[in-house]
Every structure is written in C-alpha cells, then in structure tokens.
Amino acid sequence: MESFALHPPSVKTFASSSRISLSRRSRSPCCKYLPSISPAPSIRPIDDFRSFSTSFLGSHARLSLFKPKPFAPLLKPYTSHKTIKASSSSSDKKVQISASGSGPGPQGAKLIPLVISVAIGVIVRFFVPKPVEVTPQAWQLLSIFLSTIAGLVLSPLPVGAWAFLGLTTSIVTKTLSFSTAFGAFTSEVIWLIVISFFFARGFVKTGLGDRIATYFVKWLGKSTLGLSYGLTLSEALIAPAMPSTTARAGGVFLPIIKSLSLSAGSKPGDPSSKRLGSYLVQSQFQSAGNSSALFLTAAAQNLLCLKLAEELGVKIASPWVSWFKAASLPAFVSLLVTPLVLYKIYPPEIKDTPDAPAMATKKLEQMGPVTRNEWVMICTMLLAVSLWVFGDTLGIASVVAAMLGLSILLLLGVLQWDDCLSEKSAWDTLAWFAVLVGMAGQLTNLGIVTWMSSCVAKSLQSLSLSWPAAFGVLQAAYFFIHYLFASQTGHVGALFSAFLAMHLASGVHGVLAALALAYNTNLFGALTHYSSGQAAVYYGAGYVDLPDVFRLGFIMALINSVIWGVVGSFWWKFLGLY
C-alpha cells in the first residue's frame, strides 16, 4: 500500500529532479499533496493512494505555472514547513509556531471512519448468524479481519497503526495466540519486499534511473510517439530492479516528462497541457501497469500475491522465471500497443520533438561519466536478478539473494544504514503486510476461505458455467471491483485469497488462476486517479483532467483485458498452464 505525502518540486537540474521526498512534514494546504523532489529521498513505494483520495476527490490539485526551460528548474525552491519551538516558564508551557498558521490538528483516530470500521466487525461477529460449517474461532477472526480491511480502506489511523490494532484485538480476544499472530513476521516474502524498498532507494540515490531514462530519450525522442516509446521501454528495463511504480513515477519519469513538456510550452492546468504533457503522462501511466506485470520483482504486490497463493497450496516452481515467461508475450504486446492507441484516441498537438535528443545529450554531458556508485548499483542488481532467475538451480532463496545484494550496497557505501533506518515505508510495510498475511493464512487454516469459495462455486455451478466461463467472470469481477479500492496491495490483502479459492473450487488450474489474478492486480492500477500510488503522482502533475482519467482508464482497461485475455490465453495454453 503506497501511503505517502508528495511535496512541490525544488530542483536545480533535470538530474536532481529525479528525487522524490516522502517525508511527512507540515506544509501549506494548497501544496500538501503535490510531488516533491529532494536530494535525500525516502521512497514510499507500493501502490496506496489513501492519503490522497479525499483531497483529489474533493478538488483538482494543480501545480503552479512556470516558465518552460529545457531540462531546467521546474519550480523555485519552496519551503512551507513550520519551525516549532517549545518554550516553558514557571506558569505554563507553550508551543510557538514561527509562521502564520494554525496549531496542530486533532490527534488520534478519525471518529467516523473508526466507528464504521469497528461497526463492520461487530455486526458480523454478533448480529450475522454464524454458518454451521464455521467454528466460533474462525467467525471471530473473520469479523476482526473485515474490520481491519475496512480500516485500511477508510483510514481512521495510518495503515500500520490500524493493522497493529487488528493484531492486538486478535490476541486480546484470544482468537489467535501471540506466536501465531506474529508468525508472518518471519515470512521470507515479506522480508524480500522490505529489502526491495532499499534497492529502490539506492536506484534513485545513485541517479542510475535518471541516466537510463535519459539515454532512451536521446535514442528515440525525435517524435512524440518515439519519445513515449523511449520512456515506456526504459521503465520496463528499470522495473525488475526498482520494485515500486510510485518510486519510478515520482523519482524518475514524471520529472523527465515535466521538463520535456515545459520545454515544448506545455504547462499543467492550462490549455497548453494538450500540446505534449497530457499525452506523455497518460501514456506512461497506462504503460506502467504492464511493466509491473512483466516481472515478479517489479512491484511489491506481486510477491504478496504469490505468498497468499502459497497459503492456499498453489506453489509456483522457479517463480521469477515462471512469472516472466507467462507474462512476457501479453505484456510486450500491451507495451507496444498502449502508446500507439493513446496517440490515436488522446493525440498530442505536437507530433515532433526534434529538440528532445539534443536536450538529453546535453543532460548526459552534465551528468558526466557513470559514477562508481552507479556501477556498483548496476553490478549488484545484475547479481540479484541473476540469483532470482537461477536461484532454484543454485539452491539460493530469493530473499537470500536480496540480502546479499543489500549487504554489498552497504559494504561499498552506496547505501548507508541510516538510509535503511529512515526508509519508513519499508518498516511500515513489514508491519501491516505481516498482519494481513498472517490473518489471511489463519482464515485459510480455520476453513473460512474454503467455506466462502464453496458457496460461490455452488452458485457458479448452478448457472452451469464451465471453468473457462467461471474464470472469465471471476477475473472480471476481481478487476473492476478495484473501483472501490484506493490501494493495490489493500485489494490483494482483502480479496486475492478469496478469489483464488473461488477459482480453485470452480475447477480452474491453480497456477493459471494465481498468475492471472496477480497480473490483473497490476493492470487495474491505472483505472482511476486514486487506484494506486503512481496514479496520485501522475494525476497530481496537473496535465490530465479528471474526466479524461476515468475515460481513458476504462478504455485502456478494456484493451488490456482483450490483449491479456486473447493473447494470454493462447500463450498460456502453449506454456501448458492449462
């Protein structure tokens, strides 16, 4: 779940613009949710827009206008956080805020979301009749789990805090023992996700992401369509080593797109946005889901999907290779089709960008030769990816390969331990992912998931649906229900296990069902302006109007469904998945 705060950019050059600061600081309301780039990034990966949804649904955030300069400062340095000084006297203690602004807001949980979230669990536990097939312990755990999921959606507290409350409730009510409740904290998959966040930080910190993307602009950027393909392909190349669509969007690609757009006179929140910026933003946004679906390590929710599938007995041999083989053909077709389709249905006013390669060349000259830290990052990620690919043959687990890579980065100084300690998103993810995975696993062990899936399977069988028809219905339901979610990983935690169990009960091959659900988890991240973390980043840039976001999101969802459904079906049959 990608929960983070975006701040306005403060950059000097295009290179330094590819840094995203996600630290939580007090700032003025008008700029509270806008992207920021700072030299000391703290990447908040994984796909949650919860902290943005209220603001974006209520009003359209827009960046301030500024003069276009090729690969130049995007905005003047901006600082809005207030310096807080505590002073005391014999009579009282005061907090003085050195800026015109109000004092601290209300503390603790938000009342209405808290009441709703708790009420859902209470109603299920005490007012909904327990099925005879379900034990009291299982029903009680289900009520706690539903309250936890409701809280993840409504956000009465930050995600990690609410998950901890759910875990505490399960222990206090003696629904789970302490050791059982905390058992998922030792999960290899969850620690692999945490370490992957550190890799993403190193990728941005060294500037390697900037360099790779700039090379693609230099090679393919003579036309607007070529420029879009260059950015799309560069993201696909970076994705397996940078497992966060939000980090890639805010830390690498949005700063490049804004610089190129402003150079062409395409400003956000202005009719000129249609000249170039709107198309590039939408093309990159819609392509990002396919890049994330292409590689197992391209997004954290991918690893979570496989972990939950394993809880239901669906074990995928050589997961990195199997994932890539099954995704490769439909993902490549979608990556090639997406920029072209958007070029036709959402065309830019500028068709040629002859200055882009020259600007990229100049930028590369300013960046200088590849630095030592960049070389270390390249070699380390090649080692890690190689071990992920051949790990089963060599007897090296994926998490061990990640640990080796992180150890190298720490030993050679590419990352400092303080970088890891300050990566709050990683530790936050460790907490709430472990809670969700642990509860989902226990729901499976106690028979809740099996009971729910059998009920749905009986309904499908009463309609005389064959397994391919049931597969299509369940996949479509899983995909479009994401309109109700503001988080990809929250969606996975709430529904993946249940939908996979329904597939299995309907006779769908387990590996096929698990992979298809996981691929859809990436593809529905571009449905709306709140459907994922990268959606918040791209929409917040101010180049695309809200109606266009929904319209293009739905159209591209249908196109992706056709590509993955038709091309994928033939490809998966060829691979023997069914």
Side-chain angles (χ1 to χ4, degrees), residues 11 13-20 37 39 41 43 45 70-71 196-222 226-260 280-281 283-285 287-288 290-292 294-295 297-299 324 331-332 335-336 338-339 353 356-386 388 405 409 414-415 534 537-538:
V11 296
T13 65
F14 166 67
S16 64
S17 71
S18 297
R19 304 290 186 272
I20 184 166
I37 298 148
I43 301 303
F71 291 75
S196 295
F197 289 177
F198 301 147
F199 284 165
R201 185 183 183 96
F203 215 81
V204 175
K205 182 180 178 181
T206 60
L208 184 58
D210 287 351
R211 189 180 296 274
I212 292 174
T214 305
Y215 269 114
F216 275 92
V217 172
K218 175 183 176 181
W219 295 332
L220 301 174
K222 291 184 178 180
L227 187 59
S228 176
Y229 274 114
L231 293 171
T232 297
L233 294 176
S234 63
E235 175 157 15
L237 179 63
I238 293 172
M242 194 174 184
S244 167
T245 50
T246 304
R248 297 196 299 267
V252 177
F253 292 101
L254 183 58
I256 295 176
I257 290 172
K258 288 196 292 187
S259 292
L260 293 169
L280 290 181
V281 165
S283 179
Q284 198 69 18
F285 177 36
S287 298
N290 288 290
S291 298
S292 297
L294 182 56
F295 301 100
T297 52
F324 176 75
F332 283 138
L335 286 171
L336 291 175
T338 297
T353 54
M359 290 189 294
T361 301
K362 182 178 180 181
K363 183 59 210 165
L364 288 169
E365 292 174 355
Q366 294 175 353
M367 294 175 74
V370 179
T371 64
R372 169 189 172 275
N373 282 353
E374 287 178 276
W375 279 119
V376 172
M377 197 72 207
I378 292 171
C379 294
T380 301
M381 293 316 305
L382 287 175
L383 173 63
V385 172
S386 299
W388 287 333
L409 296 180
V414 176
L415 285 176
Q534 72 268 24
V537 174
Y538 285 124

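The two residues Met367 and Gly207 have their closest heavy-atom pair at CE-O, 4.0 Å. Residues Ser287 and Ser283 come closest through the heavy atom pair OG-O, 2.8 Å. Between Ala356 and Leu260, the shortest heavy-atom contact is CB-CD2, 4.0 Å. Gln534 and Ala249 make their closest contact through CB-CB, 3.9 Å (heavy atoms, listed as atom of the first residue, atom of the second, distance). Here the closest non-hydrogen pair linking Pro240 and Thr297 is O-OG1, 2.9 Å. The minimum heavy-atom distance between Glu374 and Leu208, with the atom names listed, is OE2-CA, 3.6 Å.
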Next on the checklist: For Ile238 and Phe253: C-alpha separation, side-chain torsions, deciding distance, then whether side chain to side chain contact (heavy atoms under 4.5 Å, CB included) applies.
Outcome noted: CA-CA 11 Å; Ile238 293 172; Phe253 292 101; 4.0 Å; yes

Next on the checklist: Run the side chain to side chain contact (heavy atoms under 4.5 Å, CB included) test on Val217 and Ile256 for me, step by step, so that the C-alpha distance in whole Å, both residues' side-chain angles and the decisive distance to 0.1 Å come before the verdict.
Outcome noted: CA-CA 9 Å; Val217 172; Ile256 295 176; 4.2 Å; yes

Item to check | Stepwise side chain to side chain contact (heavy atoms under 4.5 Å, CB included) test for Val252 and Met242 | outcome: CA-CA 11 Å; Val252 177; Met242 194 174 184; 4.1 Å; yes

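The side-chain heavy atoms of Thr206 and Thr371, taken from C-beta on, include no pair separated by under 4.5 Å. Contact annotation: the side chain of Leu409 approaches that of Phe199 to within less than 4.5 Å [non-hydrogen atoms, C-beta and beyond]. Contact of the Ile257 side chain with the Phe285 side chain is not registered, since no non-hydrogen atoms from C-beta on lie closer than 4.5 Å. In this structure the side chain of Gln284 reaches within 4.5 angstrom of the side chain of Thr232, judged on heavy atoms. You'll find the side chain of Phe332 reaches within 4.5 Å of the side chain of Leu294, heavy atoms only. Leu220 is listed as a side-chain neighbour of Leu233, based on a closest heavy-atom distance under 4.5 Å.
A distance of 8.0 Å separates OH in Tyr229 from OG1 in Thr338, rounded to the nearest 0.5 Å. How far NZ of Lys362 is from NZ of Lys218: 15.0 Å, rounded to the nearest 0.5 Å. Remark: Ile378 CD1 to Asn373 CG distance equals 11.0 Å, nearest 0.5 Å. If you take OG1 on Thr361 and CH2 on Trp219, they are separated by 11.0 Å, rounding to the nearest 0.5 Å.
Ring geometry for Phe295 against Phe324 counts as parallel: the plane angle stays under 30°, on a 0 to 90° scale with 60° as the upper cut.
Residues Arg248 and Ser292 have side chains that bring a donor and an acceptor to within less than 3.5 angstrom of each other.
Counted within 6.0 Å of CH2 on Trp375, heavy atoms from surrounding residues, nucleotides or ligands total 12 or fewer; the atom is thus considered open.
With hydrogens and angles disregarded, no donor-acceptor distance shorter than 3.5 Å links the side chain of Ser234 to the backbone of Ile212.
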